[in-house]
Amino acid sequence: MDLFDYMKETTLEKESPLASRMRPATLDEVVGQEHIIGKDKLLYRAIKADKLGSVIFYGPPGTGKTTLARVIANTTSAEFTQLNATTAGKKDMEDVVKAAKDRLGMFGKRTILFVDEIHRFNKGQQDYLLPFVEDGTLVLIGATTENPYFEVNGALISRSIIFELKPLEKEDIKKLLLRAVTDTKKGLGSYQAVLEEEALEFLADISGGDARAALNALELGVLTTARGGDGKIHIDLETASECIQKRVVRYDKTGDQHYDTITAFIKSMRGSDPDAAIYYLAKMLYAGEDIRFISRRIMICAAEDVGMADPQALVVASAAAQAVERIGMPEAQIILAEAVAYVACAPKSNASYMALNEAMESVRQKKTTVPPHLQDAHYKGAAKLGHGLGYKYAHDYPNHYVDQQYLPAELEGERFYHPTENRYERQVREYFRKIGKDC
């Protein structure tokens, strides 16, 4: 490295974005991703022991893929080299392989090749790497935001361990922001900035698990905000929202706004107002509400408020919840909107839910026994005790129905379920009338 290269690296280190400067140098500085780099996990042990094989890091932007690669670079005794798949050509790859072969042959030293955005390598480029990964000339670390099972050569996949990185938790983002605002060496500590609690909560929440987005917003706020009367730079909620270019929605996920909004959301679906229900859905999504929480509330409303008037509502809500888990944001909001519209527009009945409430009250108040003819007659000695004796098999009778006592004798004549006249429950009432059953 000559003087000009040294000056260039020194300048880049000082002038690079905050998110780049704050990258952890050691495993102990890494925040989040405990499911793969917790102290008892395989990746943590492999990095610490410097015995890492080929791996692919897969996850959304800002979750730490490049950070982990840098940590490995600082930890390993192997030679660490890097290519970016968006700019690297065949000649760059050939140079890396030749240097790796020479290093291994002359010094017995391994080479770790980090390929950022590996999904952008075409099939030919990925195929070129394959024999050198297979024979140990290169240890490959790939990073991608795309599903590697679709975007990366199957042969490379089979020779690598895939680690999926998840969006950082809100508390992880807060920890990184506080570290950045106080770190005088790599962060913004020398600016004497004060990150107010509301702004901290907002940035951690609205960044959606992307540490880079949160740190970029913080840096912009600190660099563009005038000092206050106390000589400090105060980053308040308004400043934070301007820096991330998103309007603040007053929505504390543990406070009144959370409960008021979710209550209004449910009442709007129950009240068959799809416009209001979708508005409150949009408000929750905009504020970063957990989509799994929203989908659970839709399922509950489908069962409690639509009920047997349209049993398909619960099927739609359950399918939506499953799809939301599989797809994630931002596309999950499309699925949620469909489920909300269906439940809001469906006919309503709480008859089954009210029937359960009445039955539960009866269970609490009265001691009952199962009628003998409904009891199990299959276990040893049961038939001699009269269990199952006199039971009428419904399918042996016209319309597959026979009148017999099903409730315990202590509750004979009780009725819990009262079907309404709404859509499917009207069919239930007609069926009951047809078989002569009181409804």
Side-chain angles (χ1 to χ4, degrees), residues 1 9 23-30 33-59 63-165:
M1 178 186 294
E9 284 200 9
R23 288 192 195 280
T26 68
L27 268 176
D28 294 331
E29 293 178 7
V30 177
Q33 308 301 344
E34 289 293 320
H35 64 291
I36 61 171
I37 55 169
K39 293 193 175 180
D40 60 335
K41 302 299 182 182
L42 171 65
L43 183 59
Y44 180 92
R45 300 196 310 271
I47 294 173
K48 278 289 190 182
D50 197 10
K51 297 294 183 183
L52 190 70
S54 293
V55 298
I56 294 176
F57 295 136
Y58 156 52
T63 52
K65 300 182 293 296
T66 304
T67 292
L68 282 177
R70 294 291 185 189
V71 166
I72 292 166
N74 293 333
T75 305
T76 184
S77 60
E79 183 70 21
F80 187 92
T81 187
Q82 177 175 349
L83 293 176
N84 190 302
T86 59
T87 58
K90 182 73 175 294
K91 179 68 166 57
D92 299 307
M93 298 168 69
E94 288 173 345
D95 290 345
V96 168
V97 170
K98 182 180 183 306
K101 285 181 175 179
D102 293 344
R103 199 175 291 116
L104 189 63
M106 288 189 287
F107 309 109
K109 189 174 184 180
R110 298 185 310 152
T111 297
I112 294 177
L113 171 61
F114 172 53
V115 181
D116 201 6
E117 300 192 74
I118 192 172
H119 61 277
R120 294 188 182 275
F121 268 166
N122 60 38
K123 186 177 185 300
Q125 289 171 304
Q126 293 184 31
D127 285 343
Y128 176 76
L129 289 176
L130 180 60
F132 307 113
V133 172
E134 191 166 23
D135 68 12
T137 301
L138 294 173
V139 175
L140 175 67
I141 299 177
T144 175
T145 56
E146 306 296 325
N147 188 330
Y149 291 103
F150 292 111
E151 304 295 339
V152 179
N153 185 317
L156 279 179
I157 289 283
S158 69
R159 290 159 177 80
S160 307
I161 300 177
I162 295 176
F163 291 100
E164 182 179 2
L165 281 72

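Keep in mind that this is a model prediction, so the values were computed, not measured.
- Enclosure of atom CZ in Arg110 by more than 12 non-hydrogen atoms of other residues, nucleotides or ligands within 6.0 angstrom is indicated.
- For the atom pair CD of Gln125 and CD1 of Ile118, the computed distance is 10.0 Å after rounding to the nearest 0.5 Å.
- Gln33 contributes no side-chain N or O that, together with a main-chain N or O of Leu165, makes up a donor-acceptor pair within less than 3.5 Å.
- Of the N and O atoms on the side chains of Asn84 and Thr86, at least one donor lies less than 3.5 Å from an acceptor on the other residue.
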As a quick check of understanding, evaluate side chain to side chain contact (heavy atoms under 4.5 Å, CB included) for Thr26 and Asn74, giving each step before the final call. CA-CA 7 Å; Thr26 68; Asn74 293 333; over 6 Å; no
Would you check, one step at a time, whether the test side chain to side chain contact (heavy atoms under 4.5 Å, CB included) holds for Leu42 with Ile161? CA-CA 10 Å; Leu42 171 65; Ile161 300 177; 4.1 Å; yes
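- Here NZ of Lys51 is found 10.0 Å from OG1 of Thr76. Values are rounded to the nearest 0.5 Å.
- At distances below 3.5 Å, not a single donor-acceptor pair connects side-chain atoms of Glu134 with backbone N or O atoms of Leu130.
- The side-chain heavy atoms of Phe121 and Leu129, taken from C-beta on, include a pair separated by under 4.5 Å.
- Lys98 pairs by the side-chain contact (heavy atoms from CB on, under 4.5 Å) definition with Asp102, not counting sequence neighbours.
- The salt bridge (charged side-chain N to carboxylate O under 4.0 Å, His left out) search around Arg45 returns none, not counting sequence neighbours.
- For the salt bridge (charged side-chain N to carboxylate O under 4.0 Å, His left out) condition, the pairs that include at least one residue of residues 111-122, sequence neighbours left out, are Glu117-Arg120.
- Using a 4.5 Å heavy-atom threshold, the side chains of Ile36 and Lys41 count as separate.
- Closest non-hydrogen pair, Phe114 versus Ala143, comes out as CE1-CB, 3.6 Å.
- The shortest non-hydrogen separation linking Val97 to Thr137 is O-CG2, 4.3 Å.
- Every residue two or more places apart in sequence or in another chain that forms a salt bridge (charged side-chain N to carboxylate O under 4.0 Å, His left out) with Lys109 is listed here: Glu79.
- Residues forming a ring pair (Phe, Tyr, Trp, His ring centres under 6.0 Å) with Tyr128 (at least two apart in sequence, or on another chain): Phe132.
- The distance from atom CZ of Arg70 to atom NZ of Lys65, rounded to the nearest 0.5 Å, is 14.0 Å.
- Judged by distance alone, the side chain of Asn153 and the main-chain N or O of Gln126 form no donor-acceptor pair under 3.5 Å.
- Between Pro148 and Tyr58, the closest heavy-atom pair is CD-CG, 3.5 Å.
- Inter-residue side-chain proximity for Leu52 and Thr75 is flagged as unmet; no heavy-atom pair is nearer than 4.5 Å.
- Without hydrogens or angle criteria, Ser54 side chain to Leu140 main chain gives a donor-acceptor distance under 3.5 Å.
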Decide side chain to side chain contact (heavy atoms under 4.5 Å, CB included) for Asp28 and Lys39; before the verdict, give the C-alpha distance in whole Å, the side-chain angles of both, and the deciding distance to 0.1 Å. CA-CA 9 Å; Asp28 294 331; Lys39 293 193 175 180; 4.2 Å; yes
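- Ion pairing of Lys101 with Asp135 is absent here, as no side-chain N (NZ or NE/NH1/NH2) approaches a carboxylate O to less than 4.0 Å.
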Pair Lys91, Met93 - check side chain to side chain contact (heavy atoms under 4.5 Å, CB included), show working. CA-CA 5 Å; Lys91 179 68 166 57; Met93 298 168 69; over 6 Å; no
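- A heavy-atom distance below 4.5 Å is found between the side chains of His119 and Thr145.
- For the pair Val96 and Leu138, the minimum side-chain heavy-atom distance is below 4.5 Å.
- At distances below 3.5 Å, not a single donor-acceptor pair connects side-chain atoms of Asp95 with backbone N or O atoms of Asp92.
- Legend: ring pair (Phe, Tyr, Trp, His ring centres under 6.0 Å) pairs involving residues 67-109, not counting sequence neighbours: none detected.
- Separation of atoms CG (Leu68) and CD1 (Ile72) is listed at 6.0 Å; rounding is to 0.5 Å.
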